[in-house]
There are 2 protein chains.
Amino acid sequence: MSEQKTSSDTRDRILDVAERLFMENGYEATSMRMITGAAEVNLAAVNYHFGSKEALLREVFRRRLGWLNVNRLQALDRLEAQAGGGPLKPSQILEAFFGTLLRMGEDKALGGMTFLRLLGRTLTEPAEFIRTFFAGEYAEVIDRYKQALYRALPDVPQAEIVWRLHFMLGAMSYAIAGTDVLRVVTGVEVGDLAGERPLQDDDTVLARRLAQRLMPFLLGGLRAPLPQFDEPARIQKELPTQAARESRPGI
Amino acid sequence: MSEQKTSSDTRDRILDVAERLFMENGYEATSMRMITGAAEVNLAAVNYHFGSKEALLREVFRRRLGWLNVNRLQALDRLEAQAGGGPLKPSQILEAFFGTLLRMGEDKALGGMTFLRLLGRTLTEPAEFIRTFFAGEYAEVIDRYKQALYRALPDVPQAEIVWRLHFMLGAMSYAIAGTDVLRVVTGVEVGDLAGERPLQDDDTVLARRLAQRLMPFLLGGLRAPLPQFDEPARIQKELPTQAARESRPGI
DNA sequence: CTAACATTAAAACGAACGTTTGAACGAATC
DNA sequence: GATTCGTTCAAACGTTCGTTTTAATGTTAG
């Protein structure tokens with residue numbers, strides 16, 4: 001029985017341990033010996049199964065981002081089908097994009113908060129091979145969602161939408177990374193303040209709570225009035241601020 | 001002449017080079033030999049002047065964060081003085097906090113965008129000594145601004161304000177880090193889209209443009225309607241959403 | 001049974017790491 | 001002019017790094 005030839009148990013144990021250690025220490029500060037030691041496999045096993053340390057990191061992400069990309073695209077497909085050619089609501093787009101991700105935090109089989117934290121921390125790693133890898137993995141999805149936002153906010157300059165998508169990714173990335181100045185400063189978990197019940201947490205609860213808090217924030221930022229430009233950069237056709245606010249589709 | 005005993009030229013060259021290399025490669029991936037080589041000083045100079053690689057990183061930040069902390073607190077003091085005991089407007093608070101930082105990006109003497117990028121990238125580093133260091137450096141300022149926000153938004157639960165401060169820090173951190181999925185995906189600089197004039201940039205222009213774009217986004221996120229809680233966590237005194245929106249001081 | 005194959009194991013590789021050492025240097029002090 | 005002291009220098013320290021090698025295991029197919 002069990003004719004799983006690709007998942008050799010050793011392979012999966014390495015991936016699981018690497019996911020956790022890369023999250024805890026970062027890529028550079030995590031050595032192969034730490035990984036193989038914690039996974040209780042031979043040192044050479046990583047190079048045998050994956051080829052190199054870089055390839056291991058890529059594989060750690062590929063098995064999660066594969067699922068994420070498919071589900072993000074499916075969610076968008078579903079929305080666009082039911083909209084029948086019309087533009088989507090920004091809230092729907094954000095829910096599809098960020099909600100799909102944050103739901104991974106609630107599901108241990110999808111990596112849970114461990115993967116989410118790893119993702120948030122790795123998105124800002126400067127290593128060239130990492131950025132190249134993410135660029136390839138994200139290209140299609142980002143482009144699809146960008147187009148959807150363009151259509152959802154026809155009166156907002158596309159450059160502005162790109163900036164705000166940028167900011168939204170940042171807020172999310174930092175939030176899920178969870179290496180937090182605030183957490184250390186306050187000495188408590190976010191949410192353990194102001195009389196809320198403390199987090200006896202379970203990452204599942206944390207993930208859900210994060211999503212509840214993050215989505216309104218992102219939507220508020222996306223829909224914020226456009227900035228006034230004090231530098232006469234070029235012919236400003238018209239300050240689209242007010243017009244865009246009025247004609248913005250319901251959210 | 002020049003009785004500057006502390007700034008031995010070697011010291012400053014090391015700090016400047018380390019700031020840039022830590023930004024480009026991250027802490028772990030930057031070796032002492034890369035730093036001393038680029039600074040054209042002897043390998044032992046770092047340990048002589050700073051004691052260790054960790055202490056070097058701390059000093060790189062200390063000379064910038066010192067200025068930043070002082071100016072952030074002064075800006076808040078000035079606002080509170082002119083408000084005469086009353087609450088501040090959220091937009092004023094954000095301008096003081098984020099504006100002070102972003103202005104560093106326009107001033108090469110304060111590190112310019114090099115330091116901003118370094119800061120953004122280092123804030124998510126998992127190394128314990130880095131997080132401990134930032135916690136200490138930021139404690140007082142974060143606390144002061146948090147209190148100011150509590151007073152500015154008396155109808156918003158304090159836990160919610162902490163979450164949103166968290167999200168705002170994330171959006172800013174990621175934005176100034178500038179290791180960007182979007183940038184790689186689109187192949188162009190943000191702002192080089194949709195007919196805007198391309199960035200022949202000068203970091204000064206980038207910093208100013210970033211500030212213009214980021215501030216409205218943050219303000220929109222901070223002022224967004226409060227989330228609805230579907231989990232009956234505890235007695236929800238009343239959904240403060242609408243009430244808070246009405247009574248919110250002008251922005 | 002044996003040949004072929006995929007996986008694991010132990011050991012070693014050269015390279016690079018952060019740090020330390022002890023001597024040499026140069027300018028100021030007595 | 002000798003001495004002191006802060007700084008620079010070349011060289012080496014011991015350790016750890018990612019990777020490779022070669023042999024020993026099972027496991028499967030002929």
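Note on naming: letters A, B, ... go to the chains in the order of the sequence lines (proteins, then strands), and numbering restarts at 1 for each one. Both backbone and side-chain heavy atoms feed into the values below; hydrogens, waters and symmetry mates do not.
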[X] [atom1] to [N] [atom2], straight-line distance once rounded to whole Å:
X	N	atom1	atom2	value
B/L43	C/dT19	CG	C1'	8 Å
B/D9	C/dG26	CG	P	16 Å
A/F50	D/dT20	CZ	C1'	18 Å
B/N47	D/dT8	CG	P	13 Å
A/L56	D/dT19	CG	C1'	14 Å
B/E40	D/dC9	CD	P	11 Å
B/K53	C/dG18	NZ	P	4 Å
B/R11	D/dG6	CZ	P	15 Å

is_close_aromatic([X], [Y]), centroid dist under 6.0 Å:
X	Y	result
B/F134	B/F61	yes
A/Y174	B/Y174	no
B/Y27	B/F129	yes

Exercise. Is the shortest side-chain N to carboxylate O distance from B/R11 to B/D16 below 4.0 Å?
Worked result: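 Not counted as a salt bridge, because no side-chain N and carboxylate O are separated by less than 4.0 Å.
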For this session: Would you mind checking if B/R13 and B/D9 are paired as a salt bridge, meaning a charged N to carboxylate O distance below 4.0 Å?
Result: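 Looking at B/D9 and B/R13, the cut-off is met.
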Seminar exercise, completed: With the side chain defined as heavy atoms from C-beta on, A/S52 is closest, among C/dT21, C/dT19, D/dT19, to D/dT19
Check whether any side-chain nitrogen or oxygen of [X] sits under 4.0 Å from OP1 or OP2 of [N], and answer yes or no.
X	N	value
B/T10	D/dT7	no
A/N42	C/dT7	no
B/H49	D/dG6	no

Exercise. When rounded to the nearest 0.5 angstrom, what distance separates CZ in B/R209 from CZ in B/R213?
Worked result: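 Taking CZ in B/R209 and CZ in B/R213, the distance rounds to 6.5 Å.
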Exercise. Where does the angle between the aromatic ring planes of A/F217 and B/F167 fall among parallel (under 30°), tilted (30 to 60°) and perpendicular (over 60°)?
Worked result: tilted
Exercise. When you measure from every atom of DNA chain D, which of residues 29-37 of chain B have a heavy atom less than 4.0 Å away?
Worked result: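 Within residues 29-37 of chain B, the residues near DNA chain D are B/R33.
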Exercise. Given that A/Y48 and A/A44 both sit by DNA chain C, which one's nearest nucleotide is further toward the 5' end?
Worked result: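 Upstream on the strand: A/Y48.
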